[in-house]
Visitor: 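Pasting a structure below so you can have a look.
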Amino acid sequence: MTGPREPTVVGVANFNAAEDAAALRAAMKGFGTDEQAIIDILTTRSNAQRQEISKAFTREYGRDLIEDLKSELGGHFEDVIVALMLPPEEYLCKELNKCMEGLGTDESVLIEILCTRTKKEIADIVQAYERLYDRPLAEHMCSETSGDFRRLLTLIVTGARDEEAGVDPARAAECAQQLYDAGEAKWGTDEEVFNKILAHESFAQLRLIFEEYKNIAGRTIEQAIKSEVDGELKDAYSAIVECVESSAAWFAGRLRHAMQGLGTDDTTLIRIIVSRSEIDLQAIKREYERIYDKTLESEIRQGETSGDYKRALVALLGPA
């Protein structure tokens, strides 16, 4: 998670918000909408630049750019474009809220967003959530989840992870022993110990802990988790462990899963591609091809989705 940033979207150099706003207005005015113009502009600007365009649009035309886009576009194409226009933390808050509202909760979305982010990203999400929904994220989440899974997510959301401490090999060996004693070495697993270590330690420190664990247990922490824990708690632990190894590979797996089987999980596809485009989408593309022997672009183009929507997602992938 602390690898070098490998974005596919970096914004444009000679940026002019007023010009872009005028071009978008022209693309939506009159008869029919110029979808390609909208894609060309919004998939190549950084999120900070899109926020400037939005302000310029309101200033020049007295209109709300997102509302105008929504009235012109539809389906998943509209979803991608609106996702691009929201500040990143607001977009993720919207996704978190959506996965908890109504009947049942989609735990996989909670895991994807909360178990893979840095402490700073989590703090931004927590702040934005309360502003947008007038209730703390932790409180909403606690009402929708239970048991050790709830306890783990609560630790993460309250900013328990220590990213300032640096790495300490001696402490890593101690934590590895604690994990071993709490899991494989006893009947039943002591999830409290797992929660504490997986939610508190920095990703760099966890990497050391997992190496030590292998020395002690003779097998990887992933193998232990798969045999000791089940349900969404297993998925959450696995997400943390895999992101410590390589978050790009973990996201590649999630994208693969979204495109396999009956019908595409478009919401997940959009969320990962949009939210990682300025972080590590380049690395995710590379891992996807390495693991599945197919390019992410070819997989998206093959899916049973419509033209504009696909073009927008492919544009966000950047040059092949």
Side-chain angles (χ1 to χ4, degrees), residues 1 47-48 50-51 66 70 76 78-161 163 195 198-200 203 231-243 247 250-251 253-255 257-258 264-281 284 313 316:
M1 190 151 74
N47 193 279
R50 292 181 212 123
Q51 302 313 318
I66 292 183
K70 278 182 176 172
H76 294 309
E78 178 189 324
D79 296 339
V80 180
I81 297 301
V82 171
L84 288 171
M85 289 308 305
L86 292 169
E89 63 280 8
E90 286 189 16
Y91 170 53
L92 291 173
C93 285
K94 217 178 102 188
E95 293 291 291
L96 285 168
N97 185 263
K98 196 166 68 183
C99 86
M100 293 189 286
E101 281 300 304
L103 272 168
T105 297
D106 185 344
E107 287 87 1
S108 72
V109 177
L110 291 177
I111 292 168
E112 179 204 301
I113 296 176
L114 300 174
C115 293
T116 62
R117 297 294 188 288
T118 64
K119 186 173 180 165
K120 162 88 172 73
E121 287 166 335
I122 295 283
D124 291 344
I125 289 169
V126 166
Q127 215 179 346
Y129 200 92
E130 193 155 357
R131 190 179 73 241
L132 292 171
Y133 299 105
D134 219 18
R135 70 186 292 194
L137 172 59
E139 179 210 293
H140 191 178
M141 206 177 62
C142 284
S143 68
E144 299 295 325
T145 54
S146 60
D148 288 301
F149 180 59
R150 173 165 73 191
R151 284 191 276 279
L152 174 73
L153 292 186
T154 304
L155 283 172
I156 290 171
V157 164
T158 52
R161 201 174 296 293
E163 290 182 357
N195 277 357
L198 293 180
H200 279 97
F203 274 52
E232 56 259 18
L233 189 61
K234 178 186 83 175
D235 295 339
Y237 286 168
S238 296
I240 294 170
V241 169
E242 287 174 40
C243 283
S247 57
W250 187 83
F251 279 110
R254 186 114 168 99
L255 285 169
H257 189 254
T264 303
D265 175 356
D266 296 290
T267 310
T268 297
L269 198 56
I270 294 167
R271 186 176 54 248
I272 294 176
I273 288 177
V274 169
S275 70
R276 307 309 290 187
S277 62
E278 289 186 55
I279 301 172
D280 57 358
L281 190 52
I284 294 169
L313 286 184
L316 288 169

Visitor: Evaluate Leu316 against Leu84 for side chain to side chain contact (heavy atoms under 4.5 Å, CB included), listing each step before the verdict.
Guide: CA-CA 10 Å; Leu316 288 169; Leu84 288 171; 3.7 Å; yes
Visitor: Less than 4.5 Å apart, side chain to side chain, heavy atoms only: is that true for Glu242 and Phe251?
Guide: no
Visitor: For Gln127, does the CD atom sit with more than 12 other heavy atoms under 6.0 Å from it, leaving out its own atoms?
Guide: no
Visitor: Would you compute the distance between atom CG of Asn195 and atom CG of Leu233 and round it to the nearest 0.5 angstrom?
Guide: 6.0 Å
Visitor: Can you confirm whether Arg254 sits close enough to Ser108 that some side-chain heavy atom of one is under 4.5 Å from a side-chain heavy atom of the other?
Guide: yes
Visitor: Show the numbers, then the answer: is there a side chain to side chain contact (heavy atoms under 4.5 Å, CB included) between Ile156 and Arg117?
Guide: CA-CA 9 Å; Ile156 290 171; Arg117 297 294 188 288; over 6 Å; no
Visitor: Do the non-hydrogen side-chain atoms of Leu152 and Tyr237 ever get within less than 4.5 Å of each other?
Guide: yes
Visitor: Any side-chain heavy atom of Met141 within less than 4.5 Å of one from Val157?
Guide: yes
Visitor: To check you understand the geometry: which heavy-atom pair defines the closest contact between Leu86 and Gln51, and what is its length?
Guide: C-NE2, 3.6 Å
Visitor: Please give me the minimum heavy-atom distance between Trp250 and Ala239, naming the atom from each residue.
Guide: NE1-CA, 3.5 Å
Visitor: At what distance, to the nearest 0.5 angstrom, does CD of Glu144 lie from CG of Asp106?
Guide: 11.5 Å
Visitor: For Phe149, does its backbone N or O pair with a side-chain atom of Glu232 as donor and acceptor, under 3.5 Å?
Guide: no
Visitor: Between Ile272 and Glu112, which heavy-atom pair has the shortest distance, and what is it?
Guide: CG1-OE2, 3.7 Å
Visitor: How many angstroms lie between atom SG of Cys93 and atom NZ of Lys98, to the nearest 0.5 angstrom?
Guide: 13.0 Å
Visitor: One thing to verify: whether Glu90 and Arg131 come together as a salt bridge, which I'm taking to mean a side-chain N less than 4.0 angstrom from a carboxylate O.
Guide: yes
Visitor: Mind checking whether Ile240 and Arg161 have side chains closer than 4.5 Å, heavy atoms only?
Guide: yes
Visitor: With side chain to side chain contact (heavy atoms under 4.5 Å, CB included) as the test, would you mind laying out the steps for Leu132 and Lys94 before giving the verdict?
Guide: CA-CA 9 Å; Leu132 292 171; Lys94 217 178 102 188; over 6 Å; no
Visitor: For the atom pair CD1 (Ile111) and CG (Asp235), what is the distance rounded to the nearest 0.5 Å?
Guide: 4.5 Å
Visitor: How about Asn47 and Arg50: do any of their side-chain heavy atoms sit closer than 4.5 Å?
Guide: yes
Visitor: Checking side chain to side chain contact (heavy atoms under 4.5 Å, CB included) for the pair Ile66/Lys70: CA distance, chi angles, key distance, verdict?
Guide: CA-CA 6 Å; Ile66 292 183; Lys70 278 182 176 172; 4.1 Å; yes
Visitor: Between Glu95 and Arg271, does any NZ, NE, NH1 or NH2 come within less than 4.0 Å of an OD or OE carboxylate oxygen?
Guide: yes
Visitor: Side chains of His76 and Asp79: does their closest heavy-atom pair fall under 4.5 Å?
Guide: yes
Visitor: Taking all heavy atoms of Cys142 and all of Thr154, pick out the closest pair and write down the distance.
Guide: SG-OG1, 3.6 Å
Visitor: Side chains of Ser143 and Arg135: closer than 4.5 Å at any heavy-atom pair?
Guide: yes
Visitor: For the side-chain contact (heavy atoms from CB on, under 4.5 Å) test, which of Leu269, Leu313, Asp266 pairs with Val80?
Guide: Leu313
Visitor: Of the non-hydrogen atoms in Pro136 and Tyr129, which two are nearest, and what is the gap between them?
Guide: C-CD2, 4.3 Å
Visitor: Once rounded to the nearest 0.5 Å, what's the spacing between atom CG of Leu255 and atom OG1 of Thr264?
Guide: 11.5 Å
Visitor: Rounded to the nearest 0.5 Å, what separates atom CD1 in Ile122 from atom SG in Cys115?
Guide: 8.0 Å
Visitor: If you compare all heavy atoms of Ala128 against all heavy atoms of Glu89, which two are closest, and at what distance to 0.1 Å?
Guide: CB-CG, 3.8 Å
